[in-house]
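Below is one structure, written out as structure tokens, with a few remarks after it.
Computed over heavy atoms, backbone and side chain alike; hydrogens, waters and symmetry mates excluded. Just so it is clear: chains get the letters A, B, ... in the order the sequence lines come, proteins before strands, and each one is counted from 1.
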2 protein chains.
Amino acid sequence: MTTIRDISRLAGVSVATVSRTMSNPDKVSPATREKVEAAIRETGYMPDMSARNFSTRKSKTIVVLVPDISNPFFSRVIRGIEHTAQRAGYSVLLGDTRGESEIEDAYASMVRARLADGVIQLNGRLPMENGAVADIPLVNACDCVEDAHIPKIQLDNAGAARAMTEYLISLGHKRIGVAKGPSESRLTQERLRGYREALEAAGLPFDESLVARGDFSASSGRHAATQLMALGKPPTALFCLSDEMAIGAMHSVWEMGLKVPNDISIVGFDDILFAEYCKPPLTTIRQPAEEFGSKAMGMLLSLLQGAHLAETNQHLPYEMVIRQSAGRPKA
Amino acid sequence: MTTIRDISRLAGVSVATVSRTMSNPDKVSPATREKVEAAIRETGYMPDMSARNFSTRKSKTIVVLVPDISNPFFSRVIRGIEHTAQRAGYSVLLGDTRGESEIEDAYASMVRARLADGVIQLNGRLPMENGAVADIPLVNACDCVEDAHIPKIQLDNAGAARAMTEYLISLGHKRIGVAKGPSESRLTQERLRGYREALEAAGLPFDESLVARGDFSASSGRHAATQLMALGKPPTALFCLSDEMAIGAMHSVWEMGLKVPNDISIVGFDDILFAEYCKPPLTTIRQPAEEFGSKAMGMLLSLLQGAHLAETNQHLPYEMVIRQSAGRPKA
DNA sequence: CGCAGAAATGTAACCGGTTACAGTCAGGCC
DNA sequence: GGCCTGACTGTAACCGGTTACATTTCTGCG
């Protein structure tokens with residue numbers, strides 16, 4: 001394998017000069033630079049990045065912690081991360097945690113092991129144990145973590161949920177069901193808060209029995225809908241806290257022989273690709289997924305450049321996407 | 001930062017012994033091992049993987065080249081890759097190529113730069129230029145590449161397409177449209193071949209005008225359907241070469257006020273999650289996505305252990321998933 | 001021409017592991 | 001006791017870059 005010393009010999013210069021031609025070309029006189037570049041071309045030399053990383057104590061790699069890559073929302077966020085990482089010369093290591101905190105810890109400790117420079121977490125799990133993984137460059141995206149020390153970028157989840165609920169109320173709905181995510185998830189809590197605020201503002205009662213537990217997956221949305229429709233007095237609208245759940249719910253309702261939105265309105269959250277292709281197309285909240293990714297990566301980059309982002313809490317705007325899955329309740 | 005030398009000093013042994021306790025514990029006497037382990041525990045020492053990788057000339061990392069992570073089929077394959085990589089102590093670097101071969105090359109050359117040990121490619125692009133990237137541990141999955149030197153794992157795409165076409169014919173369809181992927185894609189070619197074989201076997205003519213070009217995406221499926229339905233004599237069934245296209249096509253048909261499968265049968269390929277949640281649920285070919293990933297990673301692991309897999313061409317079985325989007329043609 | 005200071009280049013230490021090879025030591029055997 | 005063997009441990013070179021610091025070469029100017 002050709003090394004920097006081979007090049008230096010071939011070009012008749014020192015290794016330092018070769019190294020400089022690669023990283024600080026303007027510190028080298030044009031004549032020498034040309035000699036070195038010729039030698040590099042001639043040999044097809046490619047520097048050993050692993051050696052470079054070792055000696056510079058950087059890895060030019062970041063890890064992204066995601067509970068589930070096959071979730072279409074997350075995969076778009078990752079896409080955004082990847083593209084801006086690429087442009088900045090960083091690689092992204094994928095960390096599918098399956099929600100398990102040991103896996104999360106294992107990935108986070110890659111930073112300590114110098115395999116990665118920083119972490120972007122897409123789920124709000126807690127890699128910030130004081131005992132274990134702390135003090136690593138980290139930014140959180142798409143979730144709502146309370147910890148003020150973690151720079152984060154999020155949606156106004158409560159506001160969005162409130163807006164959506166208000167929209168349903170404005171259509172005339174008074175009994176609005178909710179298919180929520182895991183109760184311990186802050187995302188669920190925030191969106192539920194928005195829902196309750198809207199109810200309250202409209203003078204409608206909050207009925208515990210109208211909220212069904214789910215886990216953001218399509219199948220859980222299906223179950224939630226089945227459960228709520230079996231109620232003595234079923235809701236006239238169903239607010240699913242993720243599009244996947246909404247799609248599952250629409251399916252369940254369809255199986256019962258009911259029509260959306262005539263018999264029941266269903267709305268989602270996320271605006272994944274398939275929301276548009278539902279029958280009827282799904283009314284939902286659009287989250288700028290790619291932008292989440294690229295902004296998060298941007299923040300991480302500044303962190304890595306030494307910026308102090310503690311307390312940073314950037315917000316990205318949501319957008320109501322009114323399609324055809326919600327309408328007026330039946331008389 | 002604690003290094004192996006700190007540990008050696010603390011434990012009163014040499015660095016070699018410390019190194020050995022970590023990598024070859026049985027080469028070290030129990031007493032010494034205990035001393036070293038105590039020192040490690042005491043300091044919370046974690047070896048610098050970047051140094052280790054540098055000195056062993058391995059990275060314990062592989063890169064996966066994918067044209068588009070947000071494609072739900074690919075993201076499941078990646079999931080499979082990731083899980084078996086994790087178990088084997090490997091990390092996976094994500095390479096979203098957006099179909100651009102320069103990006104592909106850039107990622108592939110990470111192997112030469114010792115940032116990765118091998119590559120799994122999910123799309124059949126050609127990182128095997130004799131001039132540039134060749135001779136790196138590589139396996140291809142989910143695609144059909146012709147190059148015999150690349151170990152690969154694929155579906156019997158032609159067979160699957162043939163089976164699906166035969167199914168449509170058995171329902172009584174005689175004019176079967178196709179929404180294909182990019183024509184230069186081998187995937188398209190193979191599936192199209194299966195389609196033609198089935199037609200031929202049934203004595204049906206192949207009608208060029210019934211095949212519409214797409215790119216596997218939902219929106220291209222939508223266009224394909226629109227184009228085909230505008231024909232003087234539109235097809236009674238539409239075989240979309242990906243589920244995403246099928247979903248787009250169903251949408252387009254729905255917008256025209258037609259019913260699936262009464263007015264037209266639509267079938268897909270892949271069996272992504274949403275296929276089940278379509279209205280009506282989509283008849284399709286199931287590809288074992290996660291298994292593709294784990295098997296491909298398995299092959300790459302044996303390659304990395306020095307096995308010779310050239311000429312290897314593993315096949316994974318497809319499965320016809322008959323749901324409700326295809327029926328008999330209208331009289 | 002001589003000299004200061006800047007610019008270009010070279011030398012060698014350093015990053016933190018692994019590992020070839022050498023050395024030590026205990027136990028077994030004659 | 002002397003010697004051999006094998007188990008264990010230590011020394012130091014090595015991986016291939018970067019970079020602090022020293023040294024040489026250039027410039028411009030009095």
Exercise. To the nearest 10 degrees, how far apart in direction are the end axes of the helix from C:dC1-D:dG30 to C:dC30-D:dG1, each fit to five base pairs?
Worked result: 50°

Exercise. Is B:Ser29 near enough to D:dT9 that one of its side-chain N or O atoms lies under 4.0 angstrom from OP1 or OP2?
Worked result: yes

Problem set entry | Side-chain N,O (B:Tyr45) to OP1/OP2 (C:dG16) below 4.0 Å |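 Indeed not, no polar side-chain atom of B:Tyr45 lies that close.
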
Would you mind reading off the distance between [X] atom [atom1] and [N] atom [atom2], rounded to a whole angstrom?
X        : N      : atom1 : atom2 : answer
A:Lys58  : C:dC15 : NZ    : C1'   : 13 Å
A:Arg52  : C:dG16 : CZ    : P     : 19 Å
B:Arg114 : C:dG17 : CZ    : C1'   : 15 Å
B:Met22  : C:dT19 : CE    : C1'   : 13 Å
A:Phe54  : C:dC14 : CZ    : C1'   : 8 Å
B:Ile4   : D:dT9  : CD1   : C1'   : 14 Å
A:Lys27  : D:dT19 : NZ    : C1'   : 12 Å

For this session: Check whether any side-chain N or O of B:Ser294 sits under 3.5 Å from a backbone N or O of B:Glu290 as a donor-acceptor pair, and report yes or no.
Result: yes

Seminar exercise, completed: Closest to the 5' end of DNA chain D, once B:Ala51 and B:Ser14 are matched to their nearest nucleotides, is B:Ser14

Problem set entry | 5' priority, DNA chain D, between B:Val13 and A:Asp48 [closest heavy atom] |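 Its nucleotide being nearer the 5' end, the pick is B:Val13.
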
Which donor-acceptor pairs under 3.5 Å do the side chains of residues 297-305 of chain A make with protein atoms, sequence neighbours left out?
unit_1	atom_1	unit_2	atom_2	d
A:Ser302	OG	A:Gly298	O	2.9
A:Ser302	OG	A:Met299	O	3.3

Problem set entry | Check: D:dG10 base within 3.5 Å donor-acceptor of B:Arg20 side chain |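 Checked by distance alone, the answer is yes.
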
For this session: Check if the side chain of A:Arg5 and the base of D:dG17 share a donor-acceptor pair of N or O atoms closer than 3.5 Å.
Result: yes

Seminar exercise, completed: Which of D:dT11, C:dG17, C:dC15 is nearest the side chain of B:Ala16? It is D:dT11

Seminar exercise, completed: B:Thr17 has its side chain closest, among D:dT18, D:dG10, C:dT18, to D:dG10

Problem set entry | Sugar-phosphate, base or nothing in reach of A:Val15, heavy atoms under 4.0 Å | base

Exercise. Contact class for B:Ser19 (heavy atom, under 4.0 Å): base, sugar-phosphate, or nothing?
Worked result: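 The residue B:Ser19 makes base contact.
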
For this session: Identify the residue among A:Arg57, A:Arg114, A:Arg112 that makes a side chain to side chain donor-acceptor pair (under 3.5 Å) with B:Asp48.
Result: A:Arg114

Exercise. Checking side chain to side chain contact (heavy atoms under 4.5 Å, CB included) for the pair A:Leu115/A:Thr61: CA distance, chi angles, key distance, verdict?
Worked result: CA-CA 7 Å; A:Leu115 286 179; A:Thr61 295; over 6 Å; no

For this session: Quick one: closest heavy-atom pair of B:Phe292 and B:Ile153, and the distance?
Result: CE2-O, 3.3 Å

Problem set entry | Ion pair check, B:Asp26 and B:Arg33, cut-off under 4.0 Å | no

Exercise. In terms of the angle between their ring planes, are A:Phe54 and B:Phe54 parallel, tilted or perpendicular, with boundaries placed at 30° and 60°?
Worked result: parallel

